[in-house]
Protein chains: 2
Amino acid sequence: MDERKWLLDLLNVEEQQVSEKQINILQAAIEMFAEKGYAATSTSEIARRAGVAEGTIFRHYKTKKDLLLAIVKPTLFQSVAPFLAKKFVKDVFENEYEHYEQFVRAVFQNRYEFVKTYLPAIRVFWQEMAFHSDIKAQFQTIFINHVYEKFKQIVEHFQQKGELAPLPPETIIRLTITTIAGFLFTRFLLMPDYPWDDEQEIERTIQFLMNGLKA
Amino acid sequence: MDERKWLLDLLNVEEQQVSEKQINILQAAIEMFAEKGYAATSTSEIARRAGVAEGTIFRHYKTKKDLLLAIVKPTLFQSVAPFLAKKFVKDVFENEYEHYEQFVRAVFQNRYEFVKTYLPAIRVFWQEMAFHSDIKAQFQTIFINHVYEKFKQIVEHFQQKGELAPLPPETIIRLTITTIAGFLFTRFLLMPDYPWDDEQEIERTIQFLMNGLKA
DNA sequence: CATAAAAATGAGTGAGTACTCACTTTTTAT
DNA sequence: ATAAAAAGTGAGTACTCACTCATTTTTATG
């Protein structure tokens with residue numbers, strides 16, 4: 001993807017709304033926050049890497065924390081994006097996905113591409129969530145009100161069709177998410193240099209998940 | 001567990017080797033690093049919380065990073081402790097565990113207790129591993145030379161007995177670890193306030209794992 | 001108790017921090 | 001072409017940082 005476009009895409013803004021220098025600042029901040037962490041990165045370093053004066057950062061973002069939130073908030077939303085789409089659950093009920101496996105496959109593929117594309121910003125989001133209770137709270141709210149809510153309907157739908165084990169929906173949701181996230185975490189964060197055969201490993205992971213969850 | 005003892009236990013040292021003030025320093029550091037992160041915690045804050053002068057910290061630990069390593073290194077070793085025991089693999093081969101399920105059950109129970117007991121120190125270890133490449137490198141070395149090595153033997157043993165699917169051992173290891181770690185992560189870090197029925201949820205997780213991996 | 005060694009102290013140090021603001025440069029509108 | 005607005009600058013500010021070291025307090029030994 002184009003170097004400039006992916007950031008605009010992640011932040012979900014139009015080209016005209018942000019200046020070139022602003023993009024440089026965001027890009028530098030994402031890279032350095034991902035590498036050394038928010039607290040260990042100074043605004044002077046970000047300015048140097050972005051090729052702007054330190055004051056320019058504070059013209060666009062009132063505080064350093066504001067700059068962090070400008071990165072983290074859109075990433076948080078994009079992280080759960082499929083579940084924010086209105087027609088997502090409808091697609092499932094109208095037999096867009098005949099089986100749970102097809103649904104899982106679609107989500108898995110989608111989130112794989114997402115992590116691959118936005119890895120540094122995702123790193124920042126997950127790392128800093130541990131230290132900033134406001135970010136964590138916002139994540140939990142969105143998760144409960146959007147992801148969990150819709151996921152539960154989908155799981156119950158396939159349980160009624162007799163495809164999934166009669167476990168509590170929250171258990172099935174947890175196992176599904178941690179299995180997918182477990183692969184992505186191992187693949188991109190823990191062992192990014194291992195010679196992965198992504199397609200095959202995703203296939204194995206899906207088979208494992210379906211076997212584990214079948215009625 | 002006694003307030004003083006768990007730390008000595010984690011650090012694997014005798015009572016006489018560390019002074020009372022030293023324990024206070026370590027305890028304060030673990031708590032604050034876990035909460036706000038290493039970089040965002042100042043040595044003056046640690047000293048205040050520990051009830052010692054700032055200089056006392058530097059008498060025991062040459063640098064702030066040294067203090068971090070004094071916490072992280074023992075936690076890293078304890079994290080993979082079962083796999084460091086010499087008789088661990090022997091136990092498996094001598095039918096201490098007749099089935100893979102019994103082995104998984106033992107490891108799961110053991111690591112559940114470990115995380116429950118040392119949660120703050122584990123937080124520090126995992127959070128800071130993302131920012132300190134020396135810590136990450138040490139973890140990878142130990143994992144490859146001890147955990148992976150022995151785990152592979154065990155998996156192949158049960159594959160030969162026809163208990164496990166003919167997947168690559170590294171895939172089975174990954175799925176086993178991420179399933180267990182996925183539960184512990186959700187249980188203790190992501191949603192510690194959710195009203196968990198631990199025993200039942202562990203049971204469901206093991207059933208899911210065994211169904212997913214069976215031949 | 002006397003004395004030496006060890007442990008603890010906290011004011012002090014230079015380097016670096018997030019952020020400000022008076023000023024310059026660039027862009028936009030007419 | 002010109003004026004107004006917006007964007008960009010970087011030296012300056014008050015403050016915090018990890019770390020030092022001369023001094024005091026505690027402990028150990030005869």
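Every chain is numbered from 1 and lettered A, B, ... according to where its sequence line falls, protein lines coming before strand lines.
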Q | Residue met sooner reading DNA chain C from 5', once B:K21 and A:F58 are mapped to nucleotides | A | B:K21
Q. Which residues, if any, of residues 46-53 of chain A bring a heavy atom under 4.0 Å of DNA chain C?
A. none
Q. Does the gap between the ring centers of B:F188 and B:Y112 come in under 6.0 Å?
A. yes
(Q) Counting only side-chain nitrogens and oxygens, does A:S19 get under 4.0 Å of the OP1 or OP2 atom of D:dG8? (A) yes
Q | Listed partners of A:E203 passing salt bridge (Lys or Arg N to Asp or Glu O under 4.0 Å), at least two apart | A | A:R105
**Q.** Length of the line joining A:K62:NZ and C:dT20:C1', which is rounded to integer Å
**A.** 14 Å
Q) Could you state the CD-P distance from B:E54 to D:dC17, rounded to the nearest angstrom? A) 9 Å
(Q) What is the separation between atom CG on A:L67 and atom C1' on C:dC19, rounded to the nearest whole Å? (A) 13 Å
Q: Would you indicate, yes or no, if D:dA7 has its OP1 or OP2 atom less than 4.0 angstrom from a side-chain nitrogen or oxygen of A:T56?
A: no
Q) Considering residues, nucleotides and ligands other than A:E199, do more than 12 of their heavy atoms fall under 6.0 Å from its CD? A) no
Q. What does D:dT9 pair with, Watson-Crick or G-U, if both distances are under 3.5 Å?
A. C:dA22
(Q) Can you tell me if A:T43 touches the phosphate of C:dT17, counting only side-chain N or O atoms and a distance under 4.0 Å to OP1 or OP2? (A) no
Q.
Please report the distance, rounded to the nearest Å, between CD in B:E20 and C1' in D:dT25.
A. 17 Å
(Q) Less than 4.0 angstrom between a side-chain N/O of B:S42 and OP1 or OP2 of D:dT16, yes or no? (A) no
Q) Just by protein heavy atoms under 4.0 Å, how would nucleotides 22-29 of chain C read 5' to 3' in B, S and -? A) B-------
Q) OP1 or OP2 of C:dA7 less than 4.0 angstrom from a side-chain nitrogen or oxygen of B:H60, does that happen here? A) no
Q | Whole angstrom value for the distance that separates P of C:dT17 from OH of A:Y38 | A | 13 Å
Q) To the nearest 0.5 Å, what is the distance between CE (B:M210) and CG (B:L213)? A) 6.5 Å
Q.
Check this for me, if you would: do B:R204 and B:E201 make a salt bridge, where the nitrogen-to-carboxylate-oxygen distance has to be below 4.0 angstrom?
A. yes
Q. Between A:F103 and A:Y100, does the ring centroid distance fall short of 6.0 Å?
A. yes
Q: Return the value, rounded to whole Å, for the distance between atom NZ of A:K64 and atom P of D:dT16.
A: 15 Å
Q) Just how far, in rounded Å, is C1' of C:dA11 from CD1 of B:I57? A) 16 Å
**Q.** B:S42 versus B:E45, side-chain donor and acceptor atoms under 3.5 Å
**A.** yes
Q.
Please determine whether the number of non-hydrogen atoms from other residues, nucleotides or ligands lying under 6.0 Å from atom NZ of A:K65 exceeds 12.
A. yes
Q: Mark yes or no: A:R187 above the aromatic ring of A:F183, with NZ or CZ under 6.0 Å from the six-membered ring centre and no more than 45 degrees from the axis.
A: no
(Q) Determine whether a donor-acceptor pair (N or O, by modelled atom type, separation under 3.5 Å) exists between the side chain of A:K64 and the backbone of A:Y38. (A) yes
Q.
What is the separation between atom NZ on A:K65 and atom C1' on C:dC19, rounded to the nearest whole Å?
A. 17 Å
